[in-house]
Asks: 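First the structure, then my questions, so here it is.
Reminder, nothing fancy here: chain letters follow the sequence lines and each chain counts from 1. Please read these numbers as outputs of a predicted model, since none were measured by experiment.
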Amino acid sequence: MFAFVISRLLQAIPVMLAVSFISFAMFTYVGDPVAIMLGQDFTEAQRAALVAELGLDQPFFVQFLKFIGNAVQGEFGLSYRLSRPVAELIAERAPATLELALCAAVIAMAVGVPMGVYTGLYRHSILSRFFLTFSLIGVSLPTFLIGILLILIFAVALGWLPSFGRGDVVRLGWWTTGFLTVSGLKALILPAITLGVFQLTLIMRLVRAEMMEVLRTDYIKFARARGLSNRAINFGHALKNTLVPVITIAGLQLGAIIAFAIVTETVFQWPGMGLLFIQSVGAADVPVMAAYLMLIALVFVTINLIVDLLYYAVDPRLRIGKGAH
Amino acid sequence: AEARTVRWSASGDPNTMDPHSQNVGTVTMVLQQIYDPLIQRSRTLGLAPGLAVSWEQVEPTRWRFRLREGVRFHEGQTFTAEDVVFSIDRAKQPTSNFGIYVDTIESAVAVDPMTVDVITRVPDPILPNKIASVFMMSRSWSEANGATRPQNTRQREEIHTTRNTNGTGAFRLANREPDVRTVLARHADWWGWREEGTGNVTEIVFRPISSDATRIAALLSGEVDFVLDPPLQDLQRLRSAQGVSVLEGPEVRTIFLGMDQFRPELLYSDVRGRNPLSDLRVRRALYQAIDIQAIQRVTMRGQSMPTGTLFPEQVNGYAREEDVRLPFDAARARALLAEAGYPNGFEITLDCPNNRYINDEQICQAIAGMWSRVGVRTRLNAMPLGPFFAKIQREDTSIYLFGWGVPTLDALYSFQSLLASRAGGQQGDGIWNYGGYSNARMDALISRMRTETGDARQAAIREALNIFREDVPLIPLHHQMIPWAMRSNISIPHMANNQPYFRWAVVN
Amino acid sequence: MTAPLLEVRNLRVEFHTRRGTLTALNDVSLTIAPGEVLGMVGESGAGKSMTGAAIIGLIEPPGRIAAGQVLLDGRRIDNLRYDQMRQVRGRQIGAIFQDPLTTLNPLYTVGRQLVETITTHLPLNPAQARKRAIEWLEMVGIPAAAQRIDSYPHEFSGGMRQRVVIALALCAEPRLIVADEPTTALDVSIQAQVIALLKRLAREKGTAMLLVTHDMGVIAETADRVAVMYAGRIAEIGPVRDIVKAPNHPYTAGLMASIPPLDRRVDKLAAIEGSMPRLSAIPPGCAYNPRCPRVFDRCVRERPDLLDAGTTRAACWLHAHG
Amino acid sequence: MPMVEKVMLEANDLARYFDVSRPALQRLIAREPRRTLRAVDGVSFTIPKGQTLSLVGESGCGKSTVARLVVGLYPPSDGTVAFDNQPLSVARADPAQRQRMQMIFQDPYASLNPRWRVRDIIAEPIRAFKLVDGKDAILARVGQLLTQVGLAPADGEKFPHEFSGGQRQRISIARALSSNPEFLVCDEPTSALDVSVQAQILNLMKELQRSLGLTYLFISHNLAVVRQVSDRVGVMYLGRIVEQAPAETLFTTPRHPYTRALMEAIPDLDMTGRTRIPVGGEVPSPISPPSGCAFHPRCPLANDRCKAERPLAQPAGESLVACHAVEEGRG
Amino acid sequence: MRAFFDSDLWWSFTRSRITVASAIVAFICIGGAFMAPLLAPHDPFDLASLQLMDAFTPPIWTAEGNPTYPLGTDDQGRDVLSAIMYGARVSLFVGFAATIFATCVGVLVGLLAGYLGGTADALLMRIADIQLTFPSILVALLVDGIVRAALPREVHDQIALFVVVFAIGISEWPKFARTVRGSTLVERNKEYVLAARVIGLSKAKIMLQHVLPNVLGPVLVIGTLNLALAILAEATLSFLGVGVPPTQPSLGTLIRIGNDFLFSGEWWITIFPGVALIVMVLSVNLLGDWLRDALNPKLR
Ligand SMILES: Nc1ncnc2c1ncn2[C@@H]1O[C@H](COP(=O)(O)OP(=O)(O)OP(=O)(O)O)[C@@H](O)[C@H]1O
Ligand SMILES: Nc1ncnc2c1ncn2[C@@H]1O[C@H](COP(=O)(O)OP(=O)(O)OP(=O)(O)O)[C@@H](O)[C@H]1O
Ligand SMILES: [Mg+2]
Ligand SMILES: [Mg+2]
C-alpha cells in the first residue's frame, strides 16, 4: 500500500516536470508582457530596463531553473495584469472553482449514475429512451450555449436565479465558501448545471454501457442461478463491478470539469480560476497561465492518485502481495 | 438617512487601488469616487474647484493653488499643503504612470499650510488641465504605510496602496475583492456634499462582468443597477425594457486607422518595391472607400459621430471647419487607385484589436469588406489588445485600427503623440506615431503649441488640423459615443470622459 | 420406478434473429430421478448448455422457450415469474458453469458470496451462515477453510475455485444440480478431483445431477444415464453402459468410435466425416442423415422421434418396428 | 533394429525463464527481489526425421514454451536448439531454412486472422518465401492445398468465421503446409475440438506424415491422442521432462510416479461407475518450484533425497527417467 | 459491396429508424457543407460581396424579411444560410481533420506501445498520461497561444485552421492510443500473429497487416464519437475567441458572434447556426452510438 502510493507519487514527478517545462516555454514564447506592462507612454530605455528587471535577457536554461526553483516554493511571481502575487490570486480563486467543480461533479454523479443504472437495467423502457435522447442532446449542445440559454430562462425571463457571480460568501480561514448562504447556493445552481450536464451525460452513458456488459458476465448469470434477489444482483454485484471503469472516467472527467469551468466561468462571471485564466490568456499574463497549468496538473496527479487508491479499495485483484500467488 | 445602494457593473476591474500607479480608465473610474484632485471636472468637463478653491499663473512658470479649508481624509488626517507637495512628488516618481500630467513640473512648494506653488520648467499653459488628473493623498498616511512611491507594477511588488485607500473623496473603500466586488461607502464628511446638486447614494457595489451578454442579463434581471459599457446592439432592447433607461453621450475618443508611411515596402502586402500607403492618392482612396454612414448606422447602431478630424469638440483647438470628411465615393476611390498605379488594387492586412474599442472588430470587418469592393483585398487580423499593442508597438503592421482619448482636453496631447516625427523631437514626441508619419511643418506647429499661448497657439492648432485634413496621415473614422445603461430609478450626469461621478447620482 | 424429480417435456427453444427463427432445442424430453446423474454429451453447439439453461430458466433474449414444459416435482417451473423462480434457483436447482474464474464475482470474498447465498435461501442469521459456509468449504476440500473464507477468488487456484463454485451451488442444498462442463477448464488431474467430489456429494446428499460435458470419460465414470444430443435434439438416451458399449444410434456409435483408444494404437481413427449442420440449415428428415453411414430414404424424408431400441431410446429409423 | 537416423531437431538443455517481477519502481520500494518464472528448465530431446515426438503434461508445465523455443519465437535463456544440424538462430536467419519449419496452433479461432480471406491466409507464406510467382500460380497452389486438407478450392474466397472449428484447423494446416515444410510443430492442435472432429484432424495429420515424410513435434495433454500419433513421448512436469520413452513403452510400462499418476487420472470409457484415483495435491507454482524433485510434494514415493536433490534423467530400459525412486528401485 | 449490404452491420442499420434518420441528416449536413460553394446563395467569405446596409435582416418569414437572405443576415450583412453552410464546412473540416490526425497519431503510438511493449510501451504511455493531464480546451488554448506568439500573425492566420486542428487533435490522441494499445496487447498474443512470426515477417508488416485491421473496430467507434466532440471543441474555442478567424467563420464562430445579439432581438444570428451545430453533432453522435452497439459482438 505504502509502496504503491510512493511509486505513484514518484511517477507524478516526470508529469509535473513536463508540465513545468510547457509552462515555462510559454514564458519564453507567449505574448510580450513588456508591452502590456509599460502602458501608453514609455521610452526604449524604460523598455530595456524592464526586460532586464524581468530577467528576460538571461539564457533559456538559467531562466528555466529559476522558474522551477520558484515554482517548487509556490512562487510564481507577480501577475503582469493584476500586479499581485500569482499564488495569492490563485488561492483566492481556487475555492470558487473547486466548489463549482465539486457541485457539478456531484450533480453529474448523483444523477448520472442512477440514470445509467436504470437505462442499463431497463434497456427498452420508455423512460430509458427518454434519458438516452436527453443525454445525447446533452453532449451535442455546446456548454456556452447551455449557459446562456439557462441565464435567459431562469435569470432574465423568470428572475428566479442570479445570472452571474457567486452570491454572498462566507470566509473560513483563507477559504471562501458559497455553501453557507442562500444567495451563494442559489448562485451555484445554474453554473453547476451548465458545467455538469456534459459530464452527467458521459457518466450516464458509461454506467449504462458497463452495466450492460457486466449483466452479461458469467458471475451475474451464476448469481441468478443461485437465486439471489434482483436487488442484490443489480446493486450488490453488477453496480460494484461497473465502478472500476466509472471511477477512472469520473476521475478524468473531474479534470475535464475544471477545464470546462473556463467556459462556464466566462459565461457566468464566476470568480474562479478559469475566468482568471481566460483573462490572463487575453492579456498574455504568463505567470498566471503557468501557475494555473501547474495547478491543473497537480489536481490531475492528485485525482489520479485518488483514483488509483479507490481502485485499490474497490478491486481486490490489485492488492498484490497478499494471500496466495 | 436610508441606505441607497447602487450596484454598478462594467467589463473590467481596476487592477490596483494606488492612485498614481495605473493611468487606466478602469482604475480611475473607481478611484475618482475616493480621491479628489486639486481641480476637478465639472459636469461639462470644464475645470471646477476641488481641493483647491482657486489657482492662478502668478509667473509664466509658477502656478499658485489655494487650498480648501477643513478637508479631512477618510482616516481623519487634515488635508494641508504638505499633502499636495507630497502627492505631486509622488506622481513624478519613476514608478508613476501619471508622469505625462506632471512632466513640466519642476517642483511643488508649500507656501503656507493652505497655499501651494507649482513651478514648471517651461511655461505650461495647460497645467490646470493636467493637474485635474492628479489625485491627492495623505502624506502622513502614506509614510506610515510605506507607500511613498506609487506601486511598481513592473517590479513584482505589492504595497499598502494596492488594496487600501485613504482619500478625501465622496466615498471611501469599504471592502475590496479584486475581480469580484468592490464596495464603496458614502463619506459623510466630504466637503462637497454641501454643494448644490449632489446626490444621495450611500453605497456603491461594483462588480465586474466581462461577458457582455451576462452583464446585460444582470441589468435586465435587476441584479445590477448601472452598467457603464452596455453593448451597442443591446441598447434598443434596454431602452424598451421596463425599468431600464439608457443615457447616451459622446466620449472624448476618436477612432482612426494608422498607416505605415515610412517603409519603402509594406510588410503585409503583395506590392513589391514601393509603399502604396506613402502615396497620398492611395490614402485618400482608402479613406473614400469607407462608407462611414453605414458603419455608423449598422455597426455602431447610431452610437458614433463620424468625423474628419483628429479629436472631438470638447478638446481645446477643435475647429468645425476642419471637421469635414472626404466623401464616401467608391468610384473615386477606384479612380485614385488606378491613378496611383494600382488599377487592380493590391492586398493588405488590417490589424485590429477585438476587445479595446466599441465594436472594434466589427468596424474592421466592415472596412475590410468596403476596401475589398474597391479592389484593395483586405485580410483582417483581429486579436486581443495585449498582442495587438505589442504588435503595433513593434511597428509590425501595415495598417491598423486605433483609438485616441484626450484626457487633458487639449489638442497638443494628440498631435504630439500621434503625428510628431519620431526622430529628433522632444521626449514623448511621436511615441504613438507607429505609421512613421513625418512632416516638418507639422513638427514646427507642434513645438509652437507647446510653448505659445493665446491666439498664436490656437492658430498653430488650426493649421495643424488643416494639414491633417489635407495630408491624411491617419484615416479618421468617428468619435465614440458611450451609452450608459441603468435602472430607471437612478439618475446620473453623463460624462464624456466615461467616468461616472456617483456624488451626483440620485437614487429614487 | 420412483417419480422423477425433474421432467422436461417436449422442450423447444428458439432464437429470433435477423435471419429468421433458429430452433436451438427441439422436442427435448427427459427425466431425472432423485439421486440420479444424467450425463449429456454431444458435439459443440448441439444444445447441451441450452438444455441446462432452460431448466434453470436462464435463457437470455433473443432466446425463449417456445414450447414444452419443465416440471420439478410435478410442478411447472418454466412459466414462473422472476421472484418465484428465484426461490427455485439455488434452493431447488443449483448450477455450476464451465469457467470457475468468471463465475465468481472478483470483487467479493468467497465467504461473502457463500453467506449471501445461504441467507437468501435458508433461515439462518449471518453468523450461522458463515459457520455453514466454512463447513461447506471444508466439505469441498478447501484446506484451512476458516482462514481461506475471507480470500478473494483470484487468490485461489483454478481447481480450488471450481470447488468454491461447487460449494456455492450446493450450499442451499438443492435437490438438482445442473453442471455445465464443470471440468473442461481444468487439468486432467484436477478434473479427476472435482469429479470425485461431485460424485461423493451427490451420493451423500442424494442430489440429482444433470452433467453436461464433452468428455466421454467423465460421463462413463460418473453418469447413471446418458443423453446424446445432436443438432438440438436428443439422438439417444439410455443407461451409460449401453450408450458407451452398445450404442443404438449411428451418431452415438460414430462418436464413441472416434474417441482415441488409450490401450492400443490404431492406424486410422474412425471419424464421422463432415460436420454438424448449422441451426439455420438443418436438413429435412433426420438431422444426421448427410453424415450417416446407414442412411436410407426414410431418413431423408421423415424425422424420427425417440424410439425404443432395446435398452436405450434412439431417434433413428433403424429402430422403427414395422 | 536401430538404423542410422537423420536428426531433424535436437534440443540440448533448453531453458526459458520469464521475468514476472513487478515494475522496477514498485519492486524497489517494496524491496522485492526480481521474480523469474522457469517455464522450461533444462529440456533435452532429439527428433529424427520423419518421426513424431510428443510432449505431454498438465496445463502450464511448459509445453507451449518448448514449442515456441523450437520454432524460434522465443530466444532460449539457456541451452541450444539445432535444426537439421545447424544452430536454430542460423537456420531462422535464412528464409530457405525457415521455410522448412512451420507451426499449427491450438485454437482454430484465434490462429486465423479474422480480417483476411482464407486464400490470403494460406498464400501468405508462399508470398513471404516467394515460392511461387504470379497471381494465378499462387491461386492454383492455394486451391491444391485446400484440396489436400479436404476443403474445396472455392472455400478460399471465404473468411475464417464462415467455417466450423474443424474446418478452420484444416485451414491452419493448409497454411502450415503451404511453405512445403519438413518439420511441423503442433501445439495442441485438437484440444479445442470435439472428439469427432479431432479424429478427422488426427487422421489428416497422419496421412500427411505418410505422404510427405513430415517430422512432428506434437504437443498435447491428452494421452490417448498422443498414443495414436507418436513415435516417442516426453512427459513434462514443471518445466522439465521427467520421463522420455518410445510411445509403446511409455504406455505399457510407465516408470516415473508422475507418469503413472497421469495414466491413472485419465478417464476411461471402461471405467463406468468406478472412480479413478486423482493425483493428490495442487500443481505447484513455477515461480517458486519445490526444491529437489519438483514432483515430491505430490509423490507417494518421495523421501528426503527427493526433497533435496534434483534427479537427472537416467536410462531405465528403453526409457529415460528422472526419478530417484526409479533409480533406487523403490518404485 | 454486396457483402456489405448482406452484412449484419447493414441489417442492424436498417432496423434502427433513428439511425437511418441521423445518417440521412448527417449526409445532408456533410453534403450541404461539402457543396456549399455550389449550393449556397452567397459567398460569406468574400468580404467584397457583403452589404453592410443589409446587416441584421431578419429571416424571410418575418415582416422585414428579404428573399435574398432566407435565414436573415448577421452584423456584417452576411447571409446566415450561406454562412451556416460554409461554417459547417469549416467545422466539419476541423472535426474530420482533427479526428484523423488524432487517430493516426493514436493508432501509431498504440500499435507501437502495444506491440513492442517494454520500455517503448512505458515511455509512450507516460507521454499519453501527460497528455491526458491536459483537457482538450486547455491544450487548444495553449497551442493556440504558443503558435500565436511563436509565428508571425500573417502566417498564423493562414494556418489558423490547422492550428485548431492540431490543437484539438493533439489532445485527443491518447484516447486512441490507449484503446489501440489495449487491443494490440490482446491481438499480439493471438496465434495468428504467432503464425506470422513463425513465417518470419517483419514487425512492421505484422503490425500493419495483421494487428492493425483487427484493432480498428473500436477506433472507428471512438473516431465517430470524437468527431462530434471535435466539432464541439472547435465551437468552444471559437467561443473563447481563439478559434478560426472571424472572416471565415465556423459554426462556433457564428454562434459566438450571434451570442452578442441574443438580447437585442436578432436571435437568428445565433439560433440557426446553433441548431445546425446541434443537429450535426447529434446525428454524428447517434451514428457513433449505433456503430458502437453494432460492432460490439457482446451486445448483439
Ligand atoms: N444468442 C444466440 N443467438 C443465436 N443462436 C444461439 C445463441 N446462443 C446459442 N445459440 C445456438 O444455440 C445452439 C445451442 O448452443 P449450446 O450453447 O447449448 O451448445 P452446447 O452444446 O452447449 O455447445 P458447447 O459444447 O460448445 O458448449 C448453438 O448452435 C448456438 O449456436
Ligand atoms: N510470455 C510469458 N511471460 C510470463 N510467463 C509465461 C509466458 N509464457 C508462458 N509463461 C508461463 O510459463 C509456464 C508454462 O507455460 P506454457 O504455455 O508453456 O504451458 P503449457 O504447458 O503450454 O500449458 P497449456 O497446456 O495450458 O497450454 C506457465 O506457468 C505460464 O504461465
Ligand atoms: Mg455449452
Ligand atoms: Mg500451451
Asks: First locate atom CG of Leu275(A), then atom CD1 of Ile209(B), and finally report the distance between them rounded to the nearest 0.5 Å.
Replies: 10.5 Å

Asks: Can we say Lys186(A) and Glu223(B) salt-bridge, meaning some charged N sits less than 4.0 Å from an Asp/Glu carboxylate O?
Replies: no

Asks: What option among Leu219(B), Thr214(B), Asp13(B) has the most heavy-atom pairs under 4.5 Å with chain A?
Replies: Thr214(B)

Asks: Do you know which two heavy atoms are closest between Ala218(B) and Ser163(A), and how far apart they sit?
Replies: CA-OG, 3.4 Å

Asks: Can you confirm whether more than 12 heavy atoms, excluding those of Trp175(A), are under 6.0 Å from its CH2 atom?
Replies: yes

Asks: Using heavy-atom distances under 4.5 Å, tell me whether Ala213(B) contacts chain A through its side chain, its backbone, both, or neither.
Replies: neither

Asks: Quick one: CZ on Arg171(A) to CD on Glu177(B), what's the gap to the nearest 0.5 Å?
Replies: 6.5 Å

Asks: Looking at side-chain heavy atoms only, is the closest gap between Arg181(B) and Asp168(A) below 4.5 Å?
Replies: yes

Asks: Below 4.5 Å from any heavy atom of chain A, which atoms of Arg215(B) appear? Answer side chain, backbone, both or neither.
Replies: neither

Asks: Does Ser221(B) use its side chain to pair, donor to acceptor, with the backbone of Gly159(A) at less than 3.5 Å?
Replies: no

Asks: Counting heavy-atom pairs under 4.5 Å with chain B, which one of Leu158(A), Val267(A), Ile148(A), Ile151(A) comes out on top?
Replies: Val267(A)

Asks: Does a donor on one side chain and an acceptor on the other come within less than 3.5 Å for Ser211(B) and Gln269(A)?
Replies: no

Asks: My understanding is that only residues two or more places apart in sequence, or in another chain, count here; which of them pass ring pair (Phe, Tyr, Trp, His ring centres under 6.0 Å) with Phe164(A)?
Replies: none

Asks: Rounded to the nearest 0.5 Å, how far does CG of Leu220(B) lie from CG of Leu152(A)?
Replies: 9.5 Å

